[in-house]
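Contents: one structure, followed by commentary.
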Amino acid sequence: MDSRKILTTDNGAPVTENQNSRTAGPAGPVLIEDHHLIEKLAHFDRERIPERVVHAKGSGRVRILRSIGQRDAVDEGQFLAPVGKRTDVFIRFSTVAGEKGSADTVRDPRGFAIKFYTENGNYDLVGNNTPVFFIRDPLKFPDFIHSQKRDPYTNIQEPENVWDFFFVEPRSHASVHDSVQRSWHPRQLSHDGRLRLAHFPVGQCARRSVLGEIPLKTDQGIRNLVADDAGRIAGHDADYHQRDLLRAIDRAEYPSWTLKMQIMPAAEAAKYRFNPFDVTKVWSHRDYPLTTVGRIVLNRNPENYFAEVEQAAFNPAHFVPGIGPSPDKMLQGRLFSYGDTHRYRLAQITCTCRSIGHKLSKRVTTAAMEPCALMTTTGARKTTSPTASAVLNKRARRCGANRSCGA
């Protein structure tokens with residue numbers, strides 16, 4: 001079989017001329033019948049989608065989750081049981097306040113979103129590397145984020161706006177105290193060691209309803225930057241963290257995290273000394289010790305950032321059997337906001353399918369799948385360059401090319 005990489009049109013036909021437009025004679029005008037030209041320009045016009053309002057700067061990687069702890073931690077969440085079971089995972093790291101082109105090493109919380117590709121659908125978890133959150137009511141979330149973003153008058157991030165919000169929101173003080181520590185300046189993403197998935201999912205354990213809080217612990221050890229070094233790196237290499245992680249995986253130096261869980265019987269929630277669904281507080285490890293349930297290994301880089309990472313959509317409302325929402329107010333707000341964000345960001349995409357290279361069960365429907373490269377109604381991938389074509393054609397059969405991919 002010919003292994004040469006071929007540039008194709010939307011419908012999979014080889015492109016015979018990619019250097020010169022079709023014209024009416026040697027010096028004549030360009031013809032509208034030059035379908036490849038029109039198609040190529042149309043793709044170029046649509047190469048960008050709106051960036052995320054929050055967590056715009058991100059880096060995605062593919063991992064494998066291996067269940068290693070107590071089998072019955074959440075026995076209906078089948079991706080955690082039995083011991084030794086492997087589940088495909090996609091993870092996106094991010095900063096919070098900065099734009100897509102901002103520096104990786106600025107003082108900022110780190111976002112951490114995980115998509116578990118389970119036998120019963122895709123399960124999404126989102127969180128930050130902070131032990132507590134700044135607010136507990138979703139009504140204040142737009143105000144909080146606006147205080148961190150560019151001022152509408154100066155178009156500059158204004159410290160006065162930040163401190164004005166913190167001053168009138170006393171529940172944020174614990175997070176503010178945490179922000180001046182080095183944890184917001186991880187040396188590498190692989191050394192970010194306090195990733196807390198503030199989700200509070202509801203599951204089943206030994207036929208009892210349980211609540212869970214899920215932290216991740218780095219296996220590489222926690223290492224942070226001092227502020228001066230972080231500032232120097234930001235001026236020298238804005239993509240420092242993303243570049244470091246990319247090169248490490250290329251060298252087969254695969255970082256890993258241990259997935260843990262605090263489990264509280266649902267019957268104890270009403271009797272606990274504070275509201276366990278308040279994300280501005282931490283469950284006592286003495287009352288509910290950490291239980292190891294799995295280990296996540298980061299072992300593959302995306303082959304196409306735009307298709308696999310920029311278009312990745314995480315939604316806390318994506319549950320699987322045995323896991324569901326809790327009364328956490330912030331979670332309740334996220335159940336709507338995350339999905340609505342991606343409906344806006346990805347509305348121009350004409351078809352949904354799994355991200356490139358991601359393995360999905362036959363039981364997963366298109367509504368739960370990930371958006372991938374821009375597609376036609378026939379499912380053939382659109383490409384804009386020989387390089388893009390080589391990557392996308394290589395993966396075409398895995399994503400259902402040449403088959404209907406109806407929403």
Side-chain angles (χ1 to χ4, degrees), residues 1-52 56-60 92 99-102 238-239 242-243 246 250 300-313 341-358 366 369-407:
M1 178 181 291
D2 191 347
S3 61
R4 290 180 300 172
K5 299 174 181 178
I6 300 173
L7 178 66
T8 67
T9 60
D10 276 358
N11 61 321
V15 173
T16 57
E17 175 58 74
N18 193 42
Q19 302 301 318
N20 302 288
S21 300
R22 185 176 300 177
T23 61
V30 172
L31 300 178
I32 194 68
E33 71 177 43
D34 190 345
H35 177 70
H36 176 56
L37 168 65
I38 302 303
E39 194 174 77
K40 188 172 183 178
L41 291 176
H43 297 170
F44 177 76
D45 295 340
R46 294 164 175 79
E47 281 184 0
R48 298 294 180 270
I49 58 177
E51 70 175 36
R52 294 166 173 84
K57 178 69 179 289
S59 176
R92 184 178 183 269
E99 296 94 348
K100 194 172 183 296
S102 59
D239 301 313
Q242 183 164 251
R243 193 186 313 278
L246 176 76
D250 283 344
R300 185 175 76 78
N301 287 314
E303 295 186 48
N304 185 306
Y305 181 90
F306 182 77
E308 296 188 61
V309 183
E310 186 62 16
Q311 295 186 60
T341 292
H342 298 306
R343 282 188 289 272
Y344 165 70
R345 290 183 61 244
L346 307 175
Q348 69 191 60
I349 296 177
T350 59
C351 178
T352 56
C353 68
R354 61 181 171 82
S355 290
I356 297 177
H358 292 174
T366 54
M369 296 180 186
E370 285 303 281
C372 57
L374 293 178
M375 316 228 359
T376 65
T377 54
T378 61
R381 294 180 178 277
K382 297 180 180 180
T383 60
T384 58
S385 69
T387 301
S389 177
V391 172
L392 298 178
N393 287 339
K394 178 181 177 181
R395 299 291 183 181
R397 282 187 289 272
R398 299 187 190 179
C399 201
N402 302 321
R403 292 182 296 172
S404 176
C405 199

Check: If you look at every heavy atom in V309 and G60, which pair is closest and at what distance?
Finding: CG1-N, 3.5 Å
Item checked: With D250 via side-chain hydrogen bond (donor to acceptor under 3.5 Å, both in side chains) - residues at least two apart -> N301
Margin query: So which atom in T23 and which in G28 form the shortest heavy-atom distance, rounded to 0.1 Å?
Written below: CB-O, 3.6 Å
Note to self: Quick check: closest heavy atoms across A313 and L346, and the distance to 0.1 Å?
What the structure shows: CB-CD1, 4.0 Å
Checklist line | Qualifying residues under side-chain contact (heavy atoms from CB on, under 4.5 Å), relative to S21, sequence neighbours excluded | finding: V30, D34, L37
Checklist line | K57 side chain vs G101 backbone, donor-acceptor pair below 3.5 Å | finding: no
Item checked: Set of residues satisfying salt bridge (charged side-chain N to carboxylate O under 4.0 Å, His left out) with respect to E51, sequence neighbours excluded -> none
Margin query: What I want to find out is whether E99 reaches R52 closely enough, with some N-O distance under 4.0 Å, to be called a salt bridge.
Written below: no
Note to self: Using 0.5 Å steps for rounding, measure from the CZ atom of R92 to the CD atom of E308.
What the structure shows: 13.5 Å
Margin query: Quick check: closest heavy atoms across T8 and V15, and the distance to 0.1 Å?
Written below: C-CG2, 3.7 Å
Item checked: Counterpart residues, salt bridge (charged side-chain N to carboxylate O under 4.0 Å, His left out), relative to E17 (two or more places apart) -> none
Check: Looking at NZ of K40 and CG of D45, how far apart are the two atoms once the value is rounded to the nearest 0.5 Å?
Finding: 13.0 Å
Check: How far does CD of E33 sit from CD1 of I38, to the nearest 0.5 angstrom?
Finding: 10.5 Å
Notebook entry, point to check: Rounded to the nearest 0.5 Å, how far apart are OG1 of T16 and NE2 of H36?
Noted result: 8.5 Å
Check: What residues, two or more places apart in sequence or in another chain, satisfy side-chain contact (heavy atoms from CB on, under 4.5 Å) together with A24?
Finding: P29, L31
Margin query: Main chain of I32, side chain of R22: is a donor-acceptor contact present, judged purely on distance under 3.5 Å?
Written below: no
Item checked: side-chain contact (heavy atoms from CB on, under 4.5 Å) against A13, all qualifying residues, sequence neighbours excluded -> T9, N11
Margin query: Minimum heavy-atom separation for Q242 and Y305, please, with both atom names.
Written below: OE1-CE1, 3.5 Å
